[in-house]
**Student:** 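Structure provided below as structure tokens; questions to follow.
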Amino acid sequence: MTSPDPVAVAFHFDVMCPWAYQTSKWIRTVRESVPLEIDWRFFSLEEINREQGKKHPWEREWSYGWGMMRVAAMLRRSSMSDCDRFYEAAGRALHEESRKPHRPEVAAEICADLGLDPAVVQAAIDDPTTHDEVKADHDAVLAHGGFGVPTLVFHGGRYVYGPVVAPAPIGKEALDLWELTVAYSRVPHLYELKTPKTDADMVHIAEMFRPYLEARDWESKEKPAR
């Protein structure tokens with residue numbers, strides 16, 4: 001007999017990541033049909049891909065992805081829902097609308113659009129403990145061998161990287177993927193299922209991520225996963 005579906009899952013994200021954004025859209029769709037609580041947590045692509053000798057993101061007053069997560073951390077202290085709404089809106093701005101939520105003034109505009117106090121952005125910058133909260137979530141993934149986002153954490157502490165999908169599935173496909181992901185999380189020592197990408201797939205991905213590629217103010221560099 002299989003164990004019941006989890007009613008809670010932790011979701012580690014970086015607003016900068018287009019893959020995590022698509023997966024976040026998918027899991028919100030799942031939440032509409034499945035009793036599910038999402039614990040939004042953080043992971044820094046800037047830190048994991050940091051070049052030797054460069055400053056850590058917590059050594060900067062504002063760093064693109066890290067800064068947005070500090071705002072989300074400040075919101076999370078009083079409302080997981082507000083953290084969720086900020087991530088959804090900032091992610092949509094970057095990955096669908098070619099806006100720049102990684103700039104503090106745009107992050108403040110997004111907060112105002114959500115009915116949140118835009119001063120929360122400056123408050124997050126001024127509060128060094130927001131660094132600590134982002135870093136604690138980041139370090140938890142590293143301690144379990146994690147290397148990127150999206151990373152999901154299921155009941156019992158099983159860490160799963162993915163699912164990596166674009167566009168986010170909807171309807172029955174979304175629920176099918178949820179069942180598959182939950183089943184994956186139950187199998188010990190299962191490390192990877194992967195579909196090779198064809199040239200046509202790469203064209204599809206480039207088109208899906210075009211708004212993000214137009215809006216980003218950084219060059220993506222990835223260290224190889226273990």
Side-chain angles (χ1 to χ4, degrees), residues 11-29 40-52 54-58 60-72 83-114 121 124 134 137-138 141 146-152 161-170 173-174 177 194-225:
F11 188 118
H12 289 263
F13 70 90
D14 186 328
V15 184
M16 296 170 68
C17 180
W19 292 110
Y21 173 66
Q22 293 296 327
T23 305
S24 74
K25 291 181 65 175
W26 159 75
I27 205 167
R28 289 188 185 98
T29 297
W40 297 102
R41 300 184 188 177
F42 311 116
F43 184 84
S44 175
L45 298 179
E46 289 166 300
E47 174 60 18
I48 200 69
N49 295 314
R50 182 180 61 88
E51 294 182 5
Q52 191 69 26
K54 299 285 188 179
K55 285 184 177 181
H56 295 281
W58 57 84
R60 305 172 187 268
E61 181 181 56
W62 178 269
S63 190
Y64 292 143
W66 192 272
M68 289 187 286
M69 289 187 288
R70 292 178 69 195
V71 175
C83 175
D84 183 344
R85 292 195 302 132
F86 175 75
Y87 175 32
E88 191 282 328
R92 175 164 32 87
L94 176 61
H95 300 293
E96 297 187 30
E97 300 170 354
S98 293
R99 294 174 65 196
K100 299 178 183 288
H102 49 278
R103 296 184 179 179
E105 65 274 15
V106 179
E109 290 173 5
I110 288 170
C111 288
D113 290 343
L114 293 171
V121 175
V134 176
D137 285 357
H138 177 87
V141 176
F147 53 86
V149 287
T151 292
L152 307 183
Y161 175 69
V164 175
V165 59
I170 59 175
E173 286 187 355
L177 180 56
K194 192 168 185 178
T195 300
K197 298 182 182 70
T198 66
D199 290 343
D201 289 325
M202 298 306 294
V203 171
H204 161 75
I205 292 167
E207 181 57 28
M208 282 292 306
F209 292 172
R210 180 180 53 79
Y212 155 75
L213 295 171
E214 292 176 351
R216 65 179 181 176
D217 290 320
W218 55 86
E219 180 181 349
S220 297
K221 294 183 179 180
E222 295 185 14
K223 294 181 181 177

**Student:** Please find out if less than 6.0 Å separates the ring center of F42 from that of F13.
**Tutor:** yes
**Student:** Kindly state whether the ring of H102 and the ring of Y64 have centres lying under 6.0 angstrom apart.
**Tutor:** yes
**Student:** Once the angle between the rings of Y21 and H95 is folded into 0 to 90°, is it parallel (under 30°), tilted (30 to 60°) or perpendicular (over 60°)?
**Tutor:** parallel
**Student:** Would you call F86 and V71 a side-chain contact if the rule is heavy atoms closer than 4.5 Å?
**Tutor:** yes
**Student:** More than 12 non-hydrogen atoms from neighbouring residues, nucleotides or ligands closer than 6.0 Å to CD1 on I170, yes or no?
**Tutor:** no
**Student:** For residues V134 and W58, determine if any side-chain heavy atom of one lies less than 4.5 Å from a side-chain heavy atom of the other.
**Tutor:** no
**Student:** Side chains of E97 and P211: does their closest heavy-atom pair fall under 4.5 Å?
**Tutor:** no
**Student:** Does E207 pair with R210 as a salt bridge, N-O distance under 4.0 Å?
**Tutor:** yes
**Student:** Would you say that R41 contacts C83 through its side chain, given a criterion of any heavy-atom pair below 4.5 Å between the two side chains?
**Tutor:** no
**Student:** Could you go step by step and tell me if L94 and Y212 meet the side-chain contact (heavy atoms from CB on, under 4.5 Å) rule?
**Tutor:** CA-CA 5 Å; L94 176 61; Y212 155 75; 4.0 Å; yes
**Student:** Got more than 12 heavy atoms from elsewhere within 6.0 Å of CG, D199?
**Tutor:** no
**Student:** For the residue pair S24 and E88, establish whether any side-chain heavy-atom pair is separated by less than 4.5 Å.
**Tutor:** no
**Student:** State, yes or no, whether a side-chain contact exists between Y87 and V15 at a heavy-atom distance under 4.5 Å.
**Tutor:** yes
**Student:** Using a strict 4.0 Å threshold on nitrogen-to-oxygen distance, state whether R50 and E46 make a salt bridge.
**Tutor:** no
**Student:** Taking the side chain as everything from C-beta on, heavy atoms only, tell me whether H138 gets closer than 4.5 Å to M69.
**Tutor:** no
